[in-house]
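All heavy atoms count here, side chains included; hydrogens, waters and symmetry mates do not.
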Amino acid sequence: MIRENKITPEAKRRFMDEAFIEYDAGNSGFDDSLMDLFFELCKEKDEWEFLVQKLNRGKSDWGKKLVMEIYRDHLKDDSRYLEERLKNLQYGMDYWDLVQYYTDKGNEELALEIAHKGIKHWKRKTNRAV
């Protein structure tokens, strides 16, 4: 039914509402499978935005990563992706993700600048010389 897109938007929302109770509990053992299913269900912009709302209720780094992925890859909303990414530059992979984004957009100068900022951040965090 999902592949054939035979599920109404209302049924998708109701399902996600109910399934997020289990997902938010975080101890069901099938969180990843549920998220895969949510991603498979979403076809339209409003469905992706509904999923973003659900994910934004949580505080996990994984949820934030998924929100950024949705903005970047599914909604093609560069400004919202960048807004979220720039708020979440904590680890080296966060900087790398942004470097890749700017490289893919053809802005290698900005990609290099972000990589340099990531190295500085790492140095401050670890008190190491590079």
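- Note: the hydrophobic cluster containing Tyr91 does not contain Val67 (ILVMFWY, side chain heavy atoms under 4.5 Å, direct or indirect links).
- Grouping the Ile, Leu, Val, Met, Phe, Trp and Tyr side chains by contacts below 4.5 angstrom, directly or via other members, places Ile21 apart from Phe15.
- Nearest heavy atom pair, residue Met35 against residue Leu51, reads SD-CD1, 4.4 Å.
- The CG atom of Asp32 sits 12.5 Å away from atom CG of Leu37, with the distance rounded to the nearest 0.5 Å.
- Within the 4.5 Å cutoff, side-chain heavy atoms of Ile119 are placed close to those of Lys123.
- Pairing each heavy atom of Tyr81 with each of Met68, the nearest pair is CD1-O, 3.4 Å.
- Here Phe39 and Trp48 bring their ring centres to under 6.0 angstrom of each other.
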Practice item. Could you walk me through whether Asp36 and Glu40 pass the side chain to side chain contact (heavy atoms under 4.5 Å, CB included) test, one step at a time? Key: CA-CA 6 Å; Asp36 290 343; Glu40 207 173 326; 5.8 Å; no
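- A heavy-atom distance below 4.5 Å is not found between the side chains of Asp104 and Tyr101.
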Point to revise | Stepwise side chain to side chain contact (heavy atoms under 4.5 Å, CB included) test for Lys120 and Arg124 | key: CA-CA 6 Å; Lys120 282 179 151 179; Arg124 279 192 309 274; 3.9 Å; yes
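- For the residue pair Ser79 and Asp77, the shortest heavy atom distance occurs at OG-OD1, 3.0 Å.
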Check your understanding: Going through the checks in order, is the salt bridge (Lys or Arg N to Asp or Glu O under 4.0 Å) test met by Asp78 and Lys105?
Key -> CA-CA 10 Å; Asp78 290 345; Lys105 294 292 181 182; 3.1 Å; yes
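- In this structure the side chain of Met16 never reaches within 4.5 angstrom of the side chain of Tyr23, judged on heavy atoms.
- Closest non-hydrogen pair, Cys42 versus Glu47, comes out as SG-O, 3.5 Å.
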**Study point:** Step-by-step salt bridge (Lys or Arg N to Asp or Glu O under 4.0 Å) determination, Arg14 to Glu18
**Key:** CA-CA 6 Å; Arg14 281 197 326 260; Glu18 293 296 321; over 6 Å; no
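- With a 4.5 Å cut-off on side-chain heavy atoms, Leu98 and Leu110 do not count as touching.
- The shortest side-chain heavy-atom distance between Gln90 and Lys125 falls under the 4.5 Å cut-off.
- Taken from CG in Leu75 to NZ in Lys45, the straight-line distance is 7.0 Å, to the nearest 0.5 Å.
- How far CG of Asn56 is from CD of Glu84: 6.0 Å, rounded to the nearest 0.5 Å.
- With rounding to the nearest 0.5 Å, the separation of CD in Glu113 from OH in Tyr102 is 9.0 Å.
- The aromatic rings of Tyr95 and His121 sit tilted, their planes meeting at an angle between 30° and 60°.
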**Study point:** Steps toward side chain to side chain contact (heavy atoms under 4.5 Å, CB included) verdict (Leu89, Ile114)
**Key:** CA-CA 10 Å; Leu89 290 172; Ile114 296 298; 5.7 Å; no
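- Under the 4.5 Å side-chain criterion, counting only non-hydrogen atoms from C-beta, Phe50 is in contact with Asp17.
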Exercise for review: Carefully, step by step, assess Glu49 and Arg80 under the rule salt bridge (Lys or Arg N to Asp or Glu O under 4.0 Å).
Suggested key: CA-CA 12 Å; Glu49 288 175 348; Arg80 289 174 84 185; 3.8 Å; yes
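- Taking a cutoff of 4.0 Å between a charged side-chain nitrogen and a carboxylate oxygen, Lys65 and Asp97 do not qualify as a salt bridge.
- Salt-bridge check for Arg13 with Glu10: failed, with every basic side-chain N at 4.0 Å or more from each acidic carboxylate O.
- Under the 4.5 Å side-chain contact rule for hydrophobic residues, Leu86 and Val52 share a cluster.
- Pairing each heavy atom of Ala115 with each of Val99, the nearest pair is N-CG2, 3.5 Å.
- Ion pairing between a basic and an acidic side chain is recognised when a charged N comes within 4.0 Å of a carboxylate O; Asp46 and Lys12 show no such pairing.
- In this structure, the side chains of Leu112 and Glu109 stay at 4.5 Å or more apart for every pair of heavy atoms.
- Contact annotation: the side chain of Glu69 approaches that of Leu66 to within less than 4.5 Å [non-hydrogen atoms, C-beta and beyond].
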Review point. Checking side chain to side chain contact (heavy atoms under 4.5 Å, CB included) for the pair Trp62/Asp31: CA distance, chi angles, key distance, verdict?
Key: CA-CA 11 Å; Trp62 179 246; Asp31 301 351; over 6 Å; no
